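Read through the structure below, which is laid out as C-alpha cells, and then see the notes.
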There are 2 protein chains.
Amino acid sequence: MATIYQVSELAGVSLATVSRVINDNAIVSEKTKAKVLAAMKTLDYRPNSVAQSLASNRSNSVGILVSELHGAFYGSMMSDIELALREFGKHAIITAGHSDEKSEKEGVEFLISRSCDALILHLEAVSDQYLIDLKKRNVPFVTVNRYIPEIAENCIFLDNELGGYIATHYLLQQGHRDIAYIAGPLWKTDAKQRFNGHKKALKEFDVSFNQRLMYEGNFQEEGGQKAIQTLLETGIAFSAVACANDEMAAGAMSALREKGHNIPDDISVMGFDNLVFSRFTFPKLSTVNYPIALMGKTAANWVLNNLYTDRESHIQHIFKPELVVRDSVKKFNQ
Amino acid sequence: MATIYQVSELAGVSLATVSRVINDNAIVSEKTKAKVLAAMKTLDYRPNSVAQSLASNRSNSVGILVSELHGAFYGSMMSDIELALREFGKHAIITAGHSDEKSEKEGVEFLISRSCDALILHLEAVSDQYLIDLKKRNVPFVTVNRYIPEIAENCIFLDNELGGYIATHYLLQQGHRDIAYIAGPLWKTDAKQRFNGHKKALKEFDVSFNQRLMYEGNFQEEGGQKAIQTLLETGIAFSAVACANDEMAAGAMSALREKGHNIPDDISVMGFDNLVFSRFTFPKLSTVNYPIALMGKTAANWVLNNLYTDRESHIQHIFKPELVVRDSVKKFNQ
DNA sequence: AACATTTATGTAAGCGCTTACAATTATTTT
DNA sequence: AAAATAATTGTAAGCGCTTACATAAATGTT
C-alpha cells in the first residue's frame with residue numbers, strides 16, 4: 001500500500017499538503033490539488049484509516065453492540081443504523097454482546113478501544129451503574145431499548161409495559177378471559193415490563209392472573225413451542241395466548257397446530273415486535289408494533305448530530321408501541 | 001484514558017516492558033510483571049487498539065462484508081463467524097455491501113483500510129476480476145457463496161446448481177409436472193445457478209420449461225407474493241412452485257392462501273436455504289438445506305488458521321445442499 | 001516601491017503503541 | 001572468581017497520519 005509520503009514525493013509537495021487535500025479542510029491551490037490527486041491516483045493511494053484515527057483521535061466510525069447478530073429484530077436495527085451512518089460517510093463497527101455481562105462489557109471496551117466516535121448499544125446484562133459510569137468516561141453513547149433515569153438523555157426506548165398492556169388489553173376486549181402468557185426471560189428488563197403490562201391489563205378487567213398459565217420462554221421460536229407444550233399439559237383451558245415476542249408466537253402457532261388446535265378459532269395468538277415475517281405467518285400474526293427501524297435511525301441521527309455536525313438536535317427518546325390487528329386473534333363470543 | 005506511558009511511569013519500568021506484559025510475548029520477571037499489572041489496574045488501563053494496530057500492522061480483527069445486515073441468511077452467517085472469532089479472542093468488523101458494486105468496493109476498501117487481518121466476503125455485484133486483483137494485493141480473504149476458478153483456494157461455496165436441481169427433482173419425483181419457478185434476481189450468480197439446476201431437473205424428466213411459469217423475484221417475502229400474483233394471472237395451471245429461497249417461499253405461501261389455495265393440497269411449495277423460520281411456517285416448509293452457519297464457521301477457521309496459528313489446515317471448500325422434506329409438498333397422484 | 005495582507009505550502013512534533021537492538025544483571029561454568 | 005552464557009530490561013526508531021506553527025509566495029495598498 002502506498003503511503004502519504006510516497007504521494008507527497010511523487011506530487012512534489014509536503015506531507016501536510018497531501019493531508020490537506022485528503023481531508024479537504026484547508027485551502028490548497030487548484031494546481032497543487034490536481035497534482036496531488038493525480039499522484040494519489042497513479043499510486044492507487046488509500047489513506048490508512050488506522051493512522052488517521054490515531055493522529056486525529058477520530059475514526060469516523062460508530063460502534064454498535066447488539067445481543068445477537070442474527071434475529072430479525074437486531075437485523076432491522078443494525079440495518080437502519082448502518083444505512084443512516086453510511087449516508088453521512090460514517091461506518092459501523094458491529095459486535096455482539098450475547099446477553100452476557102462479561103461479553104457485553106468486553107464488547108463495549110472493544111468498541112471504545114477501536115476509537116469509535118460514539119456507541120449505539122443494546123445492552124441487557126450489564127448493570128445500570130455500568131452505563132452511568134460509562135457516561136462519566138466521556139464516551140458518547142446512546143442505549144436502545146433501555147431507560148435509565150440518571151442518563152435519560154442517552155436513552156432511546158420503547159414503552160414496553162404499555163406494549164404488553166396493549167396486547168392483552170386487545171385480547172380482553174375481544175372477549176378472551178382465559179389468557180396464557182409466554183414471557184421472555186424475566187431477568188431482561190423488557191421481558192419483565194411486557195409481562196407487567198400483561199398483568200396490568202388483566203387487573204383492569206378483573207381477571208385474576210394464574211401463574212400456571214404463564215411460561216418463561218427464551219424469546220426464540222423453540223421457546224414458544226416448549227411453552228405451548230407445557231401450557232397444554234397443565235390441563236387448564238385458555239382461549240388465547242399472548243407472547244412476549246413474535247418469534248415465540250411463531251413457535252407457539254406451530255406447536256398449537258401440531259396439537260390439532262386451530263388458530264384463531266380454537267386458540268388466539270398475539271405477538272409482539274411486528275417483525276417483517278409476522279405478515280407472512282399463517283394466520284397472519286396480530287401483534288404490537290415495535291418501531292425498531294425508526295429507533296435505530298433515531299439513534300444514528302443522535303450520534304451524527306451530536307458528533308459530526310454543529311446543530312443541536314432534539315430527538316425523540318420514548319417511542320410508543322401500537323396495536324397491529326391481523327388474523328391470529330378471534331373475536332370471542334361469550 | 002491512561003496510556004502505556006503512564007503505566008510505565010507508575011510501575012517504574014520502561015514502555016517496552018509494559019508492552020511485553022500486555023502482549024505476553026517475551027520473558028518478564030514475575031516481580032516486574034506484578035508491578036506492571038498492578039499499575040495497569042490502578043490506572044484502569046486499556047491498550048489503545050488503534051495504536052496497537054498501527055504499530056504492529058495487525059489488528060486482531062477480521063472484516064466481514066455481507067449484502068445486508070438483516071435477513072436470516074446473513075444473520076446466521078455473521079453470527080457463527082463472530083462466535084468462532086471470539087473464541088480465539090479476535091473481533092469482527094462488519095459492514096454491508098447492499099448488492100451494489102460501488103458499495104461493495106467501498107466496504108472492502110473500508111475493511112482493508114481498517115487494517116483487518118483478513119476478510120470474509122459475501123460479494124455479489126463486484127466482478128470476478130476485482131477479487132482476482134484483490135488477491136494480488138495480498139489481503140488474505142475468503143469469499144462465501146462464490147466460486148472463482150482462478151482463486152479457488154479462497155472460495156467457500158455451495159453447489160447452488162445442485163441445490164436447484166435437488167428441489168425440482170424432488171417435486172418431479174412426487175409426480176409434479178406443472179412446476180412454476182420463482183427465481184432470485186438473475187444477475188446474481190447463485191440465483192442463476194439455482195435456476196439452471198431447476199431447468200436441468202426438468203429436462204431430465206422431459207418436462208419442457210415454460211418461460212411464463214417463471215418469475216424473477218427479489219429474494220424477499222414480498223417478491224414471492226408478487227410472483228404468485230403474476231403467476232396466477234397467466235392462467236396457466238401449476239401444481240407446484242419452486243422458490244429460489246425460503247423468504248420468497250414464505251411470501252408465496254401467504255399469497256397462495258390469500259387466493260384461496262390450499263398448501264400443499266392444491267399447490268405445493270418448495271423453498272431453498274432452510275432458514276430457521278422455515279420450520280415454523282405453515283405448512284412447514286420443504287426446502288433445501290444451505291449449511292450457511294457451518295460455512296461461516298469454516299470461513300472463520302480458515303482465517304484463524306492461516307493467520308494466527310501455524311498449523312496448515314485443509315478446509316472444505318465446496319458444500320453440498322441437501323433435501324429437507326417437511327410438509328409443503330404433496331405427493332401428486334397422476 | 002515599500003509595506004501590510006492574504007493565500008499557499010512546508011516543518012516538525014506528536015498520536016500510543018511495537019520491536020529490533022543494546023545494555024544490564026543474574027546465573028552457570030570451569 | 002573470572003569468563004561465558006542466559007535472563008531481563010531499556011533505548012529509540014518507527015507505524016502513517018494530523019495539525020499547530022513557521023515560512024514563503026502572491027496580491028493589494030498607498
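Please read these numbers as outputs of a predicted model, since none were measured by experiment. Just so you know, these numbers use all the heavy atoms, side chains as well, and skip hydrogens, waters and symmetry mates. Each chain gets a letter, A, B and so on, in the order the sequences are listed, and its residues count up from 1.
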What residues in residues 14-22 of chain A put a non-hydrogen atom under 4.0 Å from any atom of DNA chain C?
-> A/S14, A/A16, A/T17, A/R20

Using a 4.0 Å heavy-atom cut-off across all strands, classify [X] as base, sugar-phosphate, or nothing.
{"X": "B/N48", "result": "sugar-phosphate"}
{"X": "A/T32", "result": "sugar-phosphate"}
{"X": "B/S49", "result": "nothing"}

If you count the non-hydrogen atoms of other residues, nucleotides and ligands that lie under 6.0 Å from NZ in A/K135, is the total more than 12?
-> yes

Does atom CG of A/N57 have more than 12 heavy-atom neighbours, drawn from other residues, nucleotides or ligands, at distances under 6.0 Å?
-> no

Any Lys/Arg nitrogen of [X] or [Y] sitting under 4.0 Å from an Asp/Glu carboxylate oxygen of the other?
{"X": "A/R137", "Y": "A/E109", "result": "yes"}
{"X": "B/K105", "Y": "B/D100", "result": "no"}
{"X": "A/R46", "Y": "A/D44", "result": "yes"}

Whole-Å distance separating the [atom1] atom of [X] from the [atom2] atom of [N]:
{"X": "B/I27", "N": "C/dT27", "atom1": "CD1", "atom2": "C1'", "answer": "14 Å"}
{"X": "B/E30", "N": "C/dA26", "atom1": "CD", "atom2": "C1'", "answer": "16 Å"}
{"X": "A/K33", "N": "C/dT9", "atom1": "NZ", "atom2": "P", "answer": "11 Å"}

Return the angle between end axes of the helix from C/dA1-D/dT30 to C/dT30-D/dA1, with five pairs used per end and rounding to 10°.
-> 40°

First and last nucleotide of DNA chain D, 5' to 3', lying under 4.0 Å from heavy atoms of chain B | D/dT8 to D/dG16

Heavy-atom nearest nucleotide on DNA chain C taken for B/V50 and for A/A26; more 5' hit belongs to A/A26

Quick one: side-chain contact (heavy atoms from CB on, under 4.5 Å) partners of [X], sequence neighbours excluded?
{"X": "A/D128", "value": "A/R146, A/I148"}
{"X": "B/Q6", "value": "B/A2, B/T3, B/L43"}
{"X": "A/S127", "value": "A/Q129, A/Y130"}

Hey, does B/S14 have a side-chain heavy atom less than 4.5 Å from the side chain of B/S8?
-> no

May I ask you to decide if the ring planes of B/H122 and B/Y74 are parallel, tilted or perpendicular, using 30° and 60° as cut-offs?
-> perpendicular

Hey, do the aromatic rings of A/F319 and A/Y290 have their centres closer than 6.0 Å?
-> no

